[in-house]
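Reading through the structure tokens given below for one structure.
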Protein chains: 2
Amino acid sequence: MFGARVFCFFSLNDMEGDRTVAKDKEYLFIPGPTPVPPQVMTAMTKPIIGHRSGEFSRLYRDLVKKMQKVYQTENDLFILSNSGTGAMEMALANTVNPGEKVLSLVTGHFAQRFNRIATVLGADVDTLDFPWGGPVDLDMVENKLRQENYRAVLVTHNETSTGVINDLAALGQLTAQTDALLLVDAVSSLGGADIKTDEYQLDLVVTSSQKALMLPPGLAAISVSSKAWERVEKCKARTVYFSLADYRQLIAKGHTPWTPAVGLLYGLEAALDMILAEGLEEVFRRHQRLAQAVRAGMRALGLKVVAPEECASPTVTAVWAPEGVNPDELRRFLREELGVYMSGGKGSLAGKVFRFGHMGYVGEFDIITGLAAVEMGLAKLGRGVQLGAGVAAAQELLLHTLGKGGRKG
Amino acid sequence: MFGARVFCFFSLNDMEGDRTVAKDKEYLFIPGPTPVPPQVMTAMTKPIIGHRSGEFSRLYRDLVKKMQKVYQTENDLFILSNSGTGAMEMALANTVNPGEKVLSLVTGHFAQRFNRIATVLGADVDTLDFPWGGPVDLDMVENKLRQENYRAVLVTHNETSTGVINDLAALGQLTAQTDALLLVDAVSSLGGADIKTDEYQLDLVVTSSQKALMLPPGLAAISVSSKAWERVEKCKARTVYFSLADYRQLIAKGHTPWTPAVGLLYGLEAALDMILAEGLEEVFRRHQRLAQAVRAGMRALGLKVVAPEECASPTVTAVWAPEGVNPDELRRFLREELGVYMSGGKGSLAGKVFRFGHMGYVGEFDIITGLAAVEMGLAKLGRGVQLGAGVAAAQELLLHTLGKGGRKG
């Protein structure tokens with residue numbers, strides 16, 4: 001086997017050594033932070049302006065309009081200077097009082113985080129646990145919504161720990177028939193997957209900057225439906241930094257309540273301009289196409305993708321490590337010898353899977369690179385992998401879909 | 001055949017369309033300009049200083065010291081604000097008077113340029129034409145040097161049009177036994193190939209910034225041996241901008257005679273720091289290793305490399321287009337559909353070869369990307385190419401040489 005044949009060339013000592021030009025070329029395939037386009041980096045170097053200036057108000061209003069397009073919403077939308085977790089807390093703290101019932105739909109690690117925030121904020125949390133690697137079971141949700149009167153339903157749209165995407169249209173329809181608000185964690189999907197916030201009747205949708213939006217970490221966003229605003233007015237605010245009322249009040253005057261991350265907002269402007277220039281449909285098609293290429297490549301290598309094809313995420317793919325391969329050893333080899341960064345398993349999937357992020361500033365040859373690296377890693381770890389086989393499957397799919405979600409749309 | 005199978009999916013209309021994120025990701029595999037590292041780009045954004053300041057003098061002197069290390073020389077060295085062609089003219093205009101005999105060794109398009117400059121400057125040019133795709137024949141050079149008394153021998157170290165590298169050590173030894181100066185065009189090799197300027201007794205060595213030195217175009221450099229200086233003093237200067245005497249005189253005072261490209265010099269500082277941090281030996285080994293991977297990949301695809309293995313360039317590879325494939329059609333597909341830029345044939349090789357540059361800021365996955373793109377292009381053009389086969393050959397070589405010229409040296 002090739003893998004066995006090369007094993008003798010490899011020793012842990014190979015991993016020491018100075019920084020080199022080759023070493024300087026690193027490839028970020030973790031599911032966020034994701035690569036930042038040079039023009040976004042450049043935009044962030046513009047001189048910082050005061051956030052109580054008219055210039056800032058114009059920038060912020062313009063950003064909200066552009067972000068609403070990506071959200072596909074006319075709801076109020078706020079751009080926040082905190083991470084996505086803060087936006088999740090904001091969604092809950094402004095709409096659910098302590099002791100009020102919420103339904104938490106858990107399909108993986110990040111849904112558990114949403115669940116934990118609700119618990120810490122004192123909500124009476126009803127948890128529906130679904131098997132990791134699958135989507136939310138809509139029938140079970142429907143039954144629960146019939147049985148109980150919930151204030152809110154919490155869902156993670158794209159479960160980054162399993163690479164599974166949930167059906168927001170169906171969940172929106174189910175929840176809209178009740179008094180409950182639908183709170184959506186779209187951190188790892190917004191900007192990479194089609195989210196029709198208004199059409200799907202999504203009440204609060206949160207995302208963050210370092211995923212499909214192609215920015216460094218530090219920004220988040222939240223959209224608020226009119227149904228959500230009614231609840232906010234009835235809700236006892238238990239937060240200052242995350243007060244939606246304060247945001248609404250000050251944004252009306254053209255300012256954020258607290259000091260915003262101005263440099264990152266410059267970057268957001270450049271990133272949103274790139275997304276809107278490509279066109280949302282095209283951006284979503286590109287993500288679908290590249291994700292299909294990743295899965296085709298993994299299958300060709302005999303590897304099993306965690307998510308079934310029908311609910312596979314367009315932004316991140318979790319892959320079962322083959323028998324006898326420690327995915328973290330594979331990742332260490334990719335990182336230390338090839339400068340390729342992929343993520344490991346979370347929670348119950350720790351030590352069992354590796355995760356390949358492919359959202360935001362990604363093109364065909366990022367997929368080729370990631371697959372080639374995985375092949376080399378498996379070969380190095382002594383697996384009988386056919387070098388080039390995964391790449392070939394991806395190439396074939398990419399060639400078949402040229403001009404269909406490809407570079408020229 | 002796969003290529004034929006996908007042909008129906010493709011039409012020229014696919015080539016129109018808006019700029020997209022994927023389109024934004026382009027891959028420069030032309031043999032210069034080459035990709036510029038982000039830290040070099042960043043360095044060039046520093047505030048521009050006056051070039052008659054002490055700060056500039058310190059910068060320039062520091063750059064000369066670092067460049068001398070890359071040149072492996074203690075000769076005088078000047079960093080010039082012009083392209084490599086200007087540096088070639090500088091080398092000739094300061095050392096050869098009109099009517100004086102020079103020996104021009106021509107192995108391709110760029111050697112012809114050196115030859116043309118000598119002719120235009122009025123030298124009596126004796127041309128040795130060697131078959132394109134091969135190196136200089138040292139015996140023929142030795143005979144010529146015995147028969148005639150030349151002022152200078154002109155050689156292109158690395159012939160970018162054919163991907164052939166010449167033996168500078170041997171040429172230096174032959175020329176040193178005569179009154180002739182050896183003028184070396186090292187534009188596409190210096191910083192990527194081992195050039196021991198002093199040990200090889202090279203009199204004037206010129207290079208430029210946009211090749212293995214990882215900078216944008218705009219800078220060049222020239223080293224001047226003591227033997228060359230003797231000639232410069234006897235030579236009737238016929239240039240102002242390129243006057244070596246002026247450079248020597250003003251650099252002694254810490255300034256350049258004419259306005260230098262200060263921003264590019266900031267970039268040069270960052271690039272030289274990267275090269276010296278990696279270590280010259282390691283940089284040369286990396287270039288050799290990646291070039292071998294390119295050739296292994298091309299061979300695995302059934303393609304023929306123009307240069308014989310023993311004189312194959314570490315920085316650029318010229319490849320014969322397979323029967324029935326127009327290399328320029330292949331390049332157009334790579335460019336317009338995949339955002340991958342390779343070069344075509346020059347002079348007598350026009351329409352017959354394509355050229356894959358791999359110098360400077362290049363790592364393993366640049367090679368994988370370039371080979372995968374060529375595979376996809378050949379498939380698209382209806383060639384019965386086995387997708388992934390070239391990539392696999394490169395992967396195997398790269399795996400076998402990990403830690404031997406790899407990321408960890």
Side-chain angles (χ1 to χ4, degrees), chain A residues 2 6 9-11 13-25 27 37-38 41 45 214 274-275 277-279 282-283 286 336-340 360-366 368-369 372-373 375-376 379-380 386-389 391-392 395-396 398-403 406-409, chain B residues 2 6 9-11 13-25 27 37-38 41 45 214 274-275 277-279 282-283 286 336-340 360-366 368-369 372-373 375-376 379-380 386-389 391-392 395-396 398-403 406-409:
Chain A
F2 169 71
V6 297
F9 290 89
F10 178 71
S11 91
N13 306 345
D14 292 337
M15 291 190 179
E16 273 100 62
D18 283 342
R19 174 187 188 76
T20 70
V21 167
K23 165 132 184 49
D24 189 66
K25 301 204 98 174
Y27 302 86
M41 282 294 190
T45 64
M214 311 188 290
M274 284 177 76
I275 288 171
E278 182 169 359
E282 186 47 42
V283 169
R286 172 167 52 84
E336 297 187 348
E337 280 298 310
L338 301 178
V340 170
Y361 192 56
V362 288
E364 289 96 334
F365 293 103
D366 298 304
I368 297 292
T369 291
E375 291 173 359
M376 291 167 78
K380 179 57 81 180
Q386 190 198 328
L387 290 170
V391 168
Q395 287 173 303
E396 179 149 0
L398 293 169
L399 276 169
H400 276 75
T401 51
L402 278 174
R407 299 169 60 77
K408 299 297 186 299
Chain B
F2 169 70
V6 298
F9 290 89
F10 179 71
S11 90
N13 306 344
D14 291 339
M15 290 190 180
E16 273 101 61
D18 284 342
R19 175 187 188 76
T20 69
V21 168
K23 165 134 182 50
D24 189 66
K25 301 205 96 173
Y27 302 86
M41 282 294 190
T45 65
M214 310 188 291
M274 285 178 75
I275 288 171
E278 183 169 358
E282 186 47 42
V283 168
R286 172 167 51 86
E336 297 186 347
E337 280 298 311
L338 301 179
V340 170
Y361 191 55
V362 288
E364 288 97 334
F365 293 103
D366 298 304
I368 297 292
T369 291
E375 290 173 0
M376 292 167 77
K380 180 56 82 180
Q386 190 198 328
L387 290 170
V391 168
Q395 286 174 302
E396 179 149 1
L398 293 169
L399 275 170
H400 277 75
T401 51
L402 279 174
R407 298 169 61 78
K408 298 300 186 300

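To find a chain, count down the sequence lines: A is the first, B the second, and so on, and within it residues start at 1.
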Straight-line distance of Lys380(B) NZ to Gln395(A) CD, nearest 0.5 Å: 12.5 Å
Pick from Ala389(B), Pro38(B), Gly388(B), Gly279(B) with the largest number of heavy-atom pairs that fall under 4.5 Å of chain A: Gly388(B)
Close side-chain approach of Leu402(A) and Met376(B), heavy atoms under 4.5 Å: no
Heavy-atom pairs under 4.5 Å with chain A, option from Val391(B), Thr45(B), Thr369(B) with the top count: Thr369(B)
Residue list, side chain to side chain contact (heavy atoms under 4.5 Å, CB included) with Ala373(A), at least two apart or on another chain: Leu334(A), Leu338(A), Val340(A), Phe365(B)
Backbone of Leu387(A) reached by a side-chain donor or acceptor of Glu396(B) within 3.5 Å: no
Donor-acceptor contact below 3.5 Å, side chain Lys25(B) vs main chain Val362(A): no
